[in-house]
Every structure is written in C-alpha cells, then in structure tokens.
Amino acid sequence: MRVGFIGLGIMGQPMALNILNAGYPVTVHARRPAMMSPLSNAGATACNTSAEVAANSDIIFVCVSDTCDVEQVILGDDGILKGIKENSVVVDMSTISPSATRSLAKTLSSHNIHMLDAPVSGGEQGAIDGALSIMVGGDEEVFNRVLPLFKVMGKNIVHVGGNGAGQVAKACNQVVIGQAIAAIGEAYILASASGVDPAKVREALLGGFAGSRALESHGQRMLDRNFKPGFKASLHHKDMRIVMEAAHELGVALPGASMVTQYLNAVIGNGKGENDSISILELQEQLSGITVNKND
Ligand code: NAP
C-alpha cells in the first residue's frame, strides 16, 4: 500500500514519520520545501505538488490548517484531484468544518474516490508517540481499509459515523478542551488570590473527579508558564469558529463554547495567536490583576 502525506507541520511531520517507520513507502508534499527534509532524510519521497503525491499513492493523508486549505489541497491547481486514481482514498486528518467535509466527500465520490474525515486529538506528543485519538467519519469498508495505518498513528480509533461525523466529534472535543482550559485557569486564579499554591491545588484535584488529562498536561504547562505550542491559539480559535458556525447552522445554544471563543478572540487580538491556546490564562490574569505562580 503506497501512502501519501500532505502537510508536515507540528502534527503532520511526526504522523508521517510513524507511517514511514512502520515500513510503508511514503510520498510527501509540504508548501515549504524545508518542512519535507526530515521526511526525505528518513527515506520518504518528496514531491513538488499534491497532485504528484496523489499520482504515486493509494491512500493520501492530509493534515493542513483550515477548511479553505483542505479545499485548496484537494480541489486546487496541482491539487489531489489532478493526480489521483479512481478507488483511492483521501483521509483528511485536519480539523475543519463538518458541512464542508460532507460536500468534499460528495465531490470526490462523483470521481469514484473515497474520503474519510479523521481529525485527531492528543497533541504533538500524541502524534510523536503514535498515541493519538482518531475520530473517523465515512464508509465502514473504507475505514477498515485504512485502519492498519490509523493504528500506526493512534491508540483510540473510533469510527463515529458517515462523512462529517469525525469532524463533529472533533468539534465536541474542542468544546470540552476549551472549557477545561478556562476552568483550570479560573481555579488557579482563585488559588493564587487566596494565597494557596496552585501547584498543590492541581496535585489535590488530580486524584478526584476534577482530575483529567487536561489538568495533567495543560494544567502543568500553565503552572510552568510554558506557552510554546503544542496547539496554537490560532488553531483553537479556528476550531471554535467551526463550533460556533455549526451551532448557528443547527440553532443550538453553546454559551460555554461562546465564552471560550471570546477568550480566543482576545488572545488573537493581543497578538498571541502563535502561542499555545493555554494563553487564555494570561487574559484571566489580566481580568483579576493576578499572576499565577507555583509556590504562591
Ligand atoms: P501547523 O504546525 O501550523 O501545520 C499546518 C501545516 O499545513 C503547515 O505545514 C502548513 O504549511 C500547511 N498548510 C496550511 N495551509 C496549506 C495550504 N493551503 N496548502 C498546503 N499546505 C498548507 O499545524 P498543526 O498543529 O500541525 O495542525 C494541523 C491540523 O491538525 C489543524 O487542522 C489542527 O487544527 C489540527 N490539530 C492540531 C493539534 C495540535 O496539537 N497541534 C491537535 C489536534 C489537531 P506552511 O508550513 O507552509 O504554513
């Protein structure tokens, strides 16, 4: 099975490397040629265009930024559709709009090409460790065809439903994670304002119902004031736009998600979009005039 991978950023790079290290022949393309070097040094074939990747692959993974980027990579000049053969599979692992995903799947299907949406959770470390959570939408038979490759990249792989269902699951994930970050930030503000060490509060909370992977990982990085991404605030901002658009389309109220969206609007407004999305903490600190420090 020949594998293509397009988009070699924080996530795409280690995901493609894991596929290569599992013994599959891999062809890659990234917009900036320098991003392909680690892959080509490890034995992958670098291509100038997405069309070229598609022409040399049976299954083509895409991991780029936003809805318009996936549309460009698939449908644009020199895009996947220009090189792909019938019965091949396009697997979009970016986080994008569920409704745009359904529309892309329909377009590809009219060319006898299969599509899965397979957004992920687990961050850069999960991608490096091959331990991502992968939420898949599309036909079950196509899912089973790609499953061995998903197993190289992830641990918790769930076929959620038809096309777009994976993206809906991912939007739900971002609703939960965004509010978890905001809730942890509030807890740390309360602890610090009370003269109690937020690191000790985290330690205490980890053993009870408030314990979570978010408190474990994001909570620690917030205490370390490590705002290096990880997961860029600009991408979480994009994800919350997808969530709010879906809420608007469906006529459902998501007030908590709306609050997170406003925090992220402000992170972007403050020029911190390239920081990790835990930068929400800095805004919360400004609101109360408090800085969260370990050992307060
Ligand atoms: P990233 O580091 O910014 O990488 C995105 C890559 O996509 C970049 O290499 C970029 O190329 C490429 N790209 C963007 N638009 C493109 C276009 N129109 N044509 C060709 N290439 C394009 O982002 P990331 O963190 O890897 O995230 C990728 C996707 O995974 C996003 O949808 C994100 O929401 C999702 N995700 C990320 C995480 C995380 O923790 N980082 C976790 C789960 C899901 P350039 O380098 O030239 O800009």
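Every number for a ligand or one of its atoms is a count from 1 in the order of the listing. Values below: every heavy atom of this structure, side chains too, minus hydrogens, waters and symmetry copies.
Among all non-hydrogen protein atoms, the one lying nearest atom 19 (N) of ligand 1 is V73 CG2, 3.7 Å. The shortest contact between atom 35 (C) of ligand 1 and any protein heavy atom is with T95 OG1, 3.7 Å. What sits closest to atom 14 (C) of ligand 1 on the protein, heavy atoms only, is S65 OG, 3.3 Å. Protein heavy atom at the shortest distance from atom 39 (C) of ligand 1 is F231 CD1, 3.3 Å. The protein heavy-atom contact nearest to atom 18 (N) of ligand 1 is Q72 OE1, 2.9 Å. The single protein non-hydrogen atom nearest to atom 28 (C) of ligand 1 is V64 O, 3.4 Å, given as residue, atom name and distance. For atom 42 (C) of ligand 1, the closest non-hydrogen atom on the protein side is M11 CE, 3.7 Å. Closest to atom 47 (O) of ligand 1, if we only count protein heavy atoms, is R31 NE, 3.1 Å.
Ligand 1 has at least one atom lying under 4.0 Å from a heavy atom of K232. Residue contact check for ligand 1: C63 places a non-hydrogen atom closer than 4.0 Å to it. Look at K238 and you'll find a heavy atom under 4.0 Å from some atom of ligand 1. Between K170 and ligand 1 there is a heavy-atom distance shorter than 4.0 Å.
Nearest residue to atom 24 (P) of ligand 1 from D276, D69, L235, L132 is L235 (criterion: closest heavy atom).
Without hydrogens or angle criteria, N275 side chain to A233 main chain gives no donor-acceptor distance under 3.5 Å. Judged by distance alone, the side chain of K170 and the main-chain N or O of D239 form no donor-acceptor pair under 3.5 Å. Although no hydrogens or angles enter the test, the distance criterion places a donor-acceptor pair under 3.5 Å between the side chain of S97 and the main chain of A100. Formation of a donor-acceptor pair under 3.5 Å by the H237 side chain with backbone atoms of A266 is not found in this model.
No hydrogens or angles considered: nothing links the side chains of E141 and N144 as a donor-acceptor pair under 3.5 Å. Side-chain atoms of T291 and N293 include no donor-acceptor pair closer than 3.5 Å.
Residue contact check: V120 has heavy atoms under 4.0 Å from atoms 43 (C), 44 (C) of ligand 1.
For the pair E203 and K200, the salt-bridge criterion is met [side-chain N within less than 4.0 Å of a carboxylate O]. Taking the charged nitrogens against the carboxylate oxygens, E285 and R225 do have a contact shorter than 4.0 Å, which makes a salt bridge.
Considering backbone and side-chain atoms together, S94 places no N or O closer than 3.5 Å to any N or O of ligand 1. Annotation: I10 places an N or O atom under 3.5 Å from an N or O atom of ligand 1; distance criterion only.
Shown here for V53 and F5, the closest heavy-atom pair between the two residues is CG1-N, 4.0 Å.
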Derivation of the side-chain contact (heavy atoms from CB on, under 4.5 Å) call for R2 and D58: CA-CA 5 Å; R2 298 169 312 155; D58 307 304; 3.3 Å; yes

